[in-house]
Amino acid sequence: MNEEHEMPHSEGPAGGWGSLKGIASIFGEAWSSPAALDTLRRMNKPGGVMCVSCAWPKPANYSAFEFCENGAKAMLWDLTTKRCTPEFWEDHTVSQLRHWRDHDLEMTGRLTAPLKYDAAEDRYVEVSWNTAFADIGSILKTLEPESTVFYASGHAGLEASYLYALLARLYGNNNLPQSSNMCHETTSVGLTKVIGSPVGTIVWYDLEKADAFFFLGQNPGTSSPRFLDPLQKAKKRGAKVVTFNPIREQGLISFVNPRSPVEMMTGKETIISDHYLQLKSGGDVAAILGLCKCVIEADDAAVATGTARVLDVDFIAQHTTGFDDFLSSVRETPWSDIESCSGLTEAALRDAARVYIEAERVIGVYGMGLTQHTHGALNIAMLVNLLLLRGNIGKPGAGCCPVRGHSNVQGQRTVGIAEKTHLIPMDKLKSLFEFEPPTKDGMNIVEAVEGLFEGKVKAFVSLGGNLLRAVPDQKRMEEAWARQDLTVMISTKLNRSHLFPGKTAYILPCLSRSEIDEQATGPQSISTEDSFSMINGSIGHRDPASEKLKSELAIVAGIAQATLPPHPKIQWDAWTGDYSLVRDLIEATYPDDFRDFNQRMFEPGGFYRGNSAHDRVWKTDTGKAVFTIPGQLTSLGFQDRPGRYRLITLRSNDQFNTTIYGYSDRFRGIEGTRAVLLMNPADIDSAGLQAGDTVRLITDFDDGQYRSLGGLTLTPYDIPYGTVGSYYPECNVLVPIYHHDRLSKTPASKSVPVRIEREVTADSESAQ
Ligand SMILES: Nc1nc2c(c(=O)[nH]1)N[C@H]1C(S)=C(S)[C@@H](COP(=O)(O)OP(=O)(O)OC[C@H]3O[C@@H](n4cnc5c(=O)[nH]c(N)nc54)[C@H](O)[C@@H]3O)O[C@H]1N2
Ligand SMILES: Nc1nc2c(c(=O)[nH]1)N[C@H]1C(S)=C(S)[C@@H](COP(=O)(O)OP(=O)(O)OC[C@H]3O[C@@H](n4cnc5c(=O)[nH]c(N)nc54)[C@H](O)[C@@H]3O)O[C@H]1N2
Ligand SMILES: [Mo]
């Protein structure tokens with residue numbers, strides 16, 4: 001390897017000065033202006049504004065600054081002084097803008113006025129809100145309800161989300177897919193199957209009590225940096241951390257707390273992971289099975305010597321089902337299969353298992369590294385198997401911790417944005433609003449995209465999000481999207497999904513959460529639910545980016561009024577004027593979860609919605625927690641072939657999903673570009689390639705579709721053999737829509753089968 005193509009290095013621990021520089025590199029001096037600091041100071045505190053980035057909980061005992069680098073970036077991103085006004089379109093056509101990078105589209109600033117696409121001019125032009133609503137309503141009225149989809153990305157608060165779901169059902173469908181369909185749907189379906197709860201079982205207190213944390217496929221340094229603070233505290237009191245991740249992620253290696261002046265001055269870092277196991281992508285079922293095998297062996301030894309049992313036999317007997325079959329399947333699986341399928345050695349797994357066995361209370365943390373696989377739900381069931389062996393669910397300091405993505409992604413599901421009818425209290429809706437709710441299940445995101453391809457879906461309303469970049473099969477999606485009769489995007493900034501307008505297309509600009517939401521009865525607050533099922537109120541305090549912006553709730557109500565006939569029980573104007581009335585409706589629909597909603601929404605740390613599995617009440621078919629048999633490891637999930645690699649689609653530290661803040665993935669030492677392919681140096685050699693080559697990825701499926709992404713610089717990286725990495729959303733052109741988790745249909749974005757070809761550039765041709 002020559003000098004220029006050494007492996008990239010990270011700048012050191014997560015947090016620290018790097019995190020402050022990270023913010024400054026995007027916002028310059030403006031980030032520490034009095035106005036920006038005022039916003040940051042209010043973040044995630046009672047009576048303040050809840051972060052628009054991830055769904056990590058807000059502690060009741062908050063610090064002076066209860067935000068992280070990425071939360072600050074997301075918040076300040078909304079508060080930019082740049083504006084994408086209607087005049088912008090005088091100089092740009094939609095076709096031209098398709099050549100812009102995602103980053104540059106967002107950098108045009110906040111959208112300021114409702115826009116309609118003018119096909120003759122190939123531009124968006126300003127229209128009045130009334131014209132927009134009336135036109136949208138008149139088209140929706142002519143369409144079959146089944147052919148319209150109401151998508152939500154997890155940004156909007158509980159109040160707007162509740163009304164959005166009501167709008168879809170009054171209109172006549174349950175077509176309410178959500179971003180979690182690409183994310184933690186595996187959790188919603190997989191976790192429910194085994195413990196009867198669609199969400200994580202821990203609360204803040206458990207973080208303070210756990211003896212060990214097992215991290216599988218979740219990257220707190222980038223995706224939920226505020227997690228590093230309680231994790232550091234846990235380490236300081238002696239808790240252990242074991243990580244399973246193909247990539248050595250800086251946040252799981254070491255951390256300097258930016259909230260600690262002493263650490264900042266001395267650079268003293270806390271080592272996070274005691275064991276870091278770089279398994280191959282998709283190898284988690286095998287790895288966890290290895291851990292279970294060690295636990296069972298240790299229990300056998302305890303029985304033989306008459307010492308204390310390692311298994312929690314009372315818990316297993318009282319609370320679980322399927323244990324005997326699971327036990328036989330673990331005993332029958334040879335270590336050779338475990339090693340080859342996980343890419344880890346027996347010795348490394350034994351070391352990790354020792355931590356599990358010695359800990360009284362263990363939290364299993366996971367993210368997209370488990371959920372986005374064809375066997376994603378099985379990954380989660382395996383993690384639950386491991387936790388159940390020692391009763392690590394439903395006791396203090398222990399449990400299952402899926403870390404959610406968008407700030408209100410979990411809450412939107414809670415208040416009715418769901419395509420599956422069995423999740424919705426239809427009887428309550430029926431009596432509250434005196435109508436017949438639709439009884440047929442709606443489309444999830446995969447079905448909606450397939451519906452678009454087949455021409456069955458004719459209109460799409462998007463409450464936030466950037467679907468054209470977020471979903472698989474991006475090229476096909478762009479063609480299909482533009483064939484629709486109507487596309488309506490409720491957005492804060494310009495994004496690629498706006499550039500493939502339907503026959504009639506609107507961009508409806510909304511307030512961001514930190515802005516004052518003034519309605520008939522005064523300024524309004526909204527609420528969100530975090531990863532620990534805590535509900536928090538949020539109040540905006542900044543002047544809106546434009547006086548023409550409307551709140552998400554007001555836009556939903558505007559569309560609804562123009563689309564649906566008047567009905568005495570449906571009071572869009574009153575609800576828009578006073579959001580507390582919507583919270584009363586939420587409470588009436590979900591009385592157990594939202595008791596005294598309006599009174600409790602500003603409690604420090606939020607109020608707890610409750611979770612049955614946390615109390616060891618298992619809402620499964622059998623009334624027990626379920627042990628799951630993994631089946632034959634070698635026939636599971638990804639099938640290797642010569643020349644085929646497992647592609648992980650990655651997030652950088654400088655993006656929030658499809659929003660690209662910049663080109664510095666400093667934790668991974670990749671600067672100035674996102675067009676890279678990370679590959680093991682030995683794999684590069686054996687493929688006959690060289691570091692620095694420009695390569696093309698081609699999806700390795702024989703389905704008659706050619707999916708490829710070129711222009712990637714081959715970058716030697718510490719990543720397991722056979723596994724390669726490149727960035728999401730660019731890689732979505734490579735993911736076939738049918739490549740998803742079998743149970744939940746979550747796209748398998750962490751194990752895409754690809755081949756690699758060298759691209760012959762002018763330089764390399766002349767060199768030969
Ligand atoms: N800064 C920032 N924060 C975000 C987001 C963002 O884009 N940027 N997105 C938000 C959203 S919507 C979500 S859902 C969350 C996502 O946050 P995470 O759940 O952390 O998701 P990823 O970063 O996509 O992947 C997590 C880790 O999985 C690892 N991994 C890949 N394949 C495997 C595997 O087979 N097994 C194991 N064990 N690990 C694997 C990857 O190396 C990576 O470190 O973050 C939220 N927060
Ligand atoms: N290959 C691959 N694909 C993936 C993933 C992956 O890891 N790999 N991750 C998946 C995951 S976990 C997710 S969650 C999805 C994300 O998919 P989406 O939720 O659809 O995408 P986002 O990038 O979060 O949406 C960004 C847009 O939302 C709008 N927006 C921002 N804030 C607000 C607001 O307050 N209100 C409104 N109305 N709009 C707002 C802005 O216009 C912005 O351009 O992508 C998925 N796709
Ligand atoms: Mo997500």
Side-chain angles (χ1 to χ4, degrees), residues 52-56 68-71 73-74 77-78 102 105-106 111 151-157 160 178-184 215-225 243-249 251-252 277 279-284 287 366-373 379 402-407 409 445 462-472 489-498 507-513 552 555 638 646-659 661 719 723 725 727-732 734-735 746-747 749-752:
V52 294
S53 183
C54 80
W56 185 251
C68 66
E69 171 186 354
N70 288 321
K73 282 185 192 167
W77 197 247
D78 281 353
D102 293 349
L105 292 173
E106 294 247 355
L111 295 159
Y151 169 71
S153 153
H155 298 275
Q178 195 218 17
S179 54
S180 72
N181 282 150
M182 298 171 270
C183 178
H184 270 290
F215 272 84
L216 295 102
Q218 202 269 337
N219 183 13
T222 284
S223 305
S224 50
T243 295
F244 290 82
N245 195 314
I247 294 179
R248 287 179 64 77
E249 303 286 23
L252 287 161
L277 294 95
L279 80 177
K280 53 171 138 170
S281 128
D284 299 83
Y366 70 88
M368 300 299 99
L370 286 202
T371 63
Q372 295 179 333
H373 285 285
N379 278 335
V403 183
R404 295 278 167 163
H406 286 112
S407 55
V409 65
I445 209 68
S462 278
L463 182 58
N466 183 8
L467 254 190
L468 284 193
R469 289 302 262 168
V471 295
M489 305 285 307
I490 304 168
S491 310
T492 48
K493 296 247 187 118
L494 193 58
N495 67 40
R496 191 154 301 269
S497 301
H498 303 134
I507 304 175
L508 304 180
C510 65
L511 291 172
S512 88
R513 195 177 292 160
E552 286 164 317
I555 297 173
F638 199 99
R646 304 167 182 225
L647 171 70
I648 302 179
T649 59
L650 291 167
R651 293 175 151 73
S652 105
N653 185 55
D654 226 3
Q655 74 184 82
F656 190 86
N657 297 335
T658 69
T659 299
Y661 299 130
I719 187 168
T723 299
Y727 290 116
Y728 144 69
E730 291 83 342
C731 282
N732 266 336
L734 296 165
V735 190
T746 306
S749 313
K750 296 291 185 268
S751 54
V752 187

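Keep in mind the model is a prediction, meaning the values are calculated, not measured. Counting starts at 1 for both ligands and their atoms, following the listed order.
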- Looking at Gly282, which atoms of ligand 1 are within less than 4.0 Å of one of its heavy atoms? 34 (C), 35 (O)

- Item | Residue list, side chain to side chain contact (heavy atoms under 4.5 Å, CB included) with Ser407, at least two apart or on another chain | Arg513

- Task: Kindly confirm or rule out an N or O of Met368 lying under 3.5 angstrom from an N or O of ligand 1.
- Result: yes

- Message: Using a plain distance cutoff, I'd like to know if Arg513 has any nitrogen or oxygen under 3.5 Å from a nitrogen or oxygen of ligand 2.
- Response: no

- Those residues at least two apart in sequence (or on a different chain) that pass ring-ring contact (aromatic ring centres under 6.0 Å, His included) with Tyr151 are none

- What about Cys54: any of its N or O atoms under 3.5 Å from an N or O on ligand 1? no

- Message: Show me which atoms of ligand 2 lie under 4.0 Å from any heavy atom of Asn466.
- Response: 18 (P), 20 (O), 21 (O), 25 (O)

- Message: I need the atoms of ligand 2 closer than 4.0 Å to a non-hydrogen atom of Cys510, numbered in the order shown.
- Response: 36 (N), 37 (C), 38 (N)

- Note on the structure: Under 4.0 Å from one or more heavy atoms of Thr222, ligand 1 contributes atoms 1 (N), 2 (C), 3 (N)

- Query: Under 3.5 Å, N or O to N or O, is Glu249 touching ligand 1 that way?
  - Reply: yes

- Note on the structure: Min over Ser491, Ala470, Ser462, Ala160 of heavy-atom distance to atom 47 (N) of ligand 2 lands on Ala470

- Query: Applying a strict 4.0 Å limit to heavy atoms, is Val403 in contact with ligand 1?
  - Reply: no

- Task: Mark up the atoms of ligand 2 that fall under 4.0 Å of a heavy atom belonging to Gly464, in ascending order.
- Result: 37 (C), 38 (N), 39 (N)

- Using a strict cut-off of 4.0 Å, indicate which atoms of ligand 1 neighbour a heavy atom of His406. 12 (S)

- Query: At under 4.0 Å between heavy atoms, which part of Asn495 makes contact with ligand 2: side chain, backbone, both or neither?
  - Reply: side chain

- Task: Please say whether Lys750 places an N or O atom under 3.5 Å from an N or O atom belonging to ligand 1.
- Result: yes

- Check ligand 1 against Cys183 and write out every atom of the ligand that is under 4.0 Å from a heavy-atom position of the residue. 14 (S)

- Item | Gln655 (side chain) donor-acceptor with Tyr728 (main chain) under 3.5 angstrom | yes

- Task: Mark the output for His373 as yes if a heavy-atom distance to ligand 1 is under 4.0 Å, and as no if none is.
- Result: yes

- Under 4.0 Å from any heavy atom of Tyr151, which atoms of ligand 2 are there? 17 (O), 18 (P), 19 (O), 20 (O)

- Task: Starting from atom 15 (C) of ligand 1, locate the nearest protein heavy atom and write down its residue, its atom name and how far away it is, to 0.1 Å.
- Result: Gly405 CA, 3.8 Å

